[in-house]
2 protein chains.
Amino acid sequence: MIRTIADIAKIAGVAKSTVSRYLNGGSVGEATKKKIEKAIQDTGYTPNPFAQSLKAKKTNIIGTIVPRLDSYASSQTLIGIDEQLKEWNYQMLISNTSQDLDREIESIYSLAKQKMAGIILLATVITDRHLKAISEIHIPVLLIGQEHEEIHSVIHDDYHAGLAIGKYVLEKGHRKIAFLGVTEQDIAVGVKRKTGFQKALEARDDIDVSYFETEFNIPAAQAAAMKLLDSREHSIIVCATDNIAIGVLKAAYKQGLSIPRDVSVTGFGGYDVTEAIHPGITTAKFHYKEAGKKAAINMVELIQERPVEKLTTMNFEIIKRESVDTV
Amino acid sequence: MIRTIADIAKIAGVAKSTVSRYLNGGSVGEATKKKIEKAIQDTGYTPNPFAQSLKAKKTNIIGTIVPRLDSYASSQTLIGIDEQLKEWNYQMLISNTSQDLDREIESIYSLAKQKMAGIILLATVITDRHLKAISEIHIPVLLIGQEHEEIHSVIHDDYHAGLAIGKYVLEKGHRKIAFLGVTEQDIAVGVKRKTGFQKALEARDDIDVSYFETEFNIPAAQAAAMKLLDSREHSIIVCATDNIAIGVLKAAYKQGLSIPRDVSVTGFGGYDVTEAIHPGITTAKFHYKEAGKKAAINMVELIQERPVEKLTTMNFEIIKRESVDTV
DNA sequence: CTGAAAGCGCTTACAG
DNA sequence: CTGAAAGCGCTTACAG
């Protein structure tokens, strides 16, 4: 038994427009208000969102584009966005692209067509096609995880996290270091973590550091680590993500090496699993959930056309665990 | 520059209703079709989904209610649903309840109000309030993870997984066994895994088995395991989930116990992490992504009012890893 | 095959 | 403070 605003108006004995005004917080007399309230109570009426959106030409839904659902960073970020949005009576719609850049572009257009109030993009790379799409849709877009001068962004402090990890590694006495990174196409993970790390070492001339590249997934990292560990040249392997660190742990185990006795390992991310396993992994922990919240807050401000800082840089912390030994 | 169906009609020189018919696959003459196609091409027109939904009174969106976003089972299941739905031009909308049962009920109503074509519920418990809500909304609802005689369900074979784990544990020679389970309110995890396990042991009178209960999260499991391990009475701890097994691993490590030398451990679930860590955890692996796909398939059949089996039971497999020793 | 008209359930000036 | 009317962009009988 679905009720419309006309039903409520009839039951309450007022005009539809008065009910609408009541619903939208306009000025309504006390007596009328009471009658409408009662009618709504009695019927369990709720407005049809399609009719509302059709007329108002916008929704209170924020579209979120995520490259994957099965990553700690993604899910924490989504949770943060969702929690904040709920509080402000916005809804989140998730569009999963399965790490397919074409789908990412498509999603931008299709969310816009669906009249999202705004789009939050959990970004990995920003191409010209992204910029073109974003400029064409005329709704607010916000990036998380990567920055771009033209787009509002919430990022993690990858550079300083890299710097801090570098300092910590030196402090623990390591001199023969391997850095296991990822593609430089990913500015945040591939470039900034590395350059921060390099910065920490740059004043020193007693350091022997080599840079390697692998992929984000554990098996690839494990394969890369197998070779690295073979040489036994390094006292520590600094990994660009926690998943890569886990790959290294697996490789070490396969080779009968003990961590941190035979070789130390660090990660970036602060995934739950780095604490759950043994040895616990020393890592730079990012605050994904908070980043999500901040992105949601900024997005709502953007929608309401209030000023918002172009770039928000979130904090990080170094979590020291068993995976790093003193040399 | 947003176009409406009226614009297209004018440009093509036909009536709005003809354009609408073209759009919805009705019969339109060749010449008219050409003109309309051109007009749509030229303008980049796409129909306003709100107007469509308002009139047609339904969407092609499937609402999915999930208790949490940050679990392996949830994300894999969602990915499966999403992939399948995309293929059939349906969309998935995720509603996260943060394990709040009230929100779960609310979500059922609110998704229905938003005219979802159907609702897939990643269920943990089914209360009377659930049943009431489901019966009131008059759209198809499908359960994943729990079954109910009144509702279409896709479940994992928790009972036989429990049975298989039980048999394997006996096969490995264990006689002093602890089963670390969860609340029996959760039929699938709390009851069925346990009863399957019990079934495996029932014919034997040389087994000494004790049952304990803990929560789903790692810290709680770890605390429960601390006590259990203190006694050193059991040669194996059979855990109702992989996360609980991880809690046991942590507790064992804290007590300086080695797994599987001092005590063996098994889990249920087959989360990626059980393979990523050392020792790898022996577990009953469920196929979450496939369950999601199957649920999506069944849901679409339900929407199209085609016959669908009430209950689908997915497969599982026992993955043997280092965490179990032969006694 | 095609078009005119009514209507989906709201919101929003406008008038009173 | 309140109401009548128009309109948002579609779809759907109905007629031709």
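Throughout, a chain's letter reflects where its sequence line sits, starting with A, and its residues are numbered from 1.
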**Base versus backbone protein contacts along nucleotides 8-16 of chain C [heavy-atom cut-off under 4.0 Å; B, S, -]** = BBBBB----
**Message:** Check this for me: does any side-chain nitrogen of one of B/R129 and B/D102 sit under 4.0 Å from a carboxylate oxygen of the other?
**Reply:** yes
**Prompt:** Do NZ/NE/NH1/NH2 and the carboxylate oxygens of B/K33 and B/E37 come within less than 4.0 Å?
**Reply:** no
**Asked** Salt-bridged, A/E87 to A/K293, with N to O below 4.0 Å?
**Response** no
**Message:** Any carboxylate oxygen within less than 4.0 angstrom of a Lys/Arg side-chain nitrogen, looking at A/E309 and A/K294?
**Reply:** yes
**Message:** Without decimals, in angstroms, what is the distance between B/K33 NZ and C/dT2 C1'?
**Reply:** 14 Å
**Request:** Just need the stems in DNA chain D: three or more back-to-back Watson-Crick or G-U pairs, each with both distances under 3.5 angstrom, sorted by first number.
**Result:** C:1-3 with D:14-16, C:5-12 with D:5-12, C:14-16 with D:1-3
**Asked** When you check the side-chain N and O atoms of A/Y90 and A/Q84, is any donor under 3.5 Å from an acceptor?
**Response** no
**Prompt:** Minimum heavy-atom separation for B/A133 to B/I105, with atom names?
**Reply:** CB-CG2, 4.4 Å
**Asked** Where does the angle between the aromatic ring planes of A/Y288 and A/H156 fall among parallel (under 30°), tilted (30 to 60°) and perpendicular (over 60°)?
**Response** perpendicular
**Asked** Hey, are A/D82 and A/K86 close enough for a salt bridge, meaning a charged N less than 4.0 Å from a carboxylate O?
**Response** yes
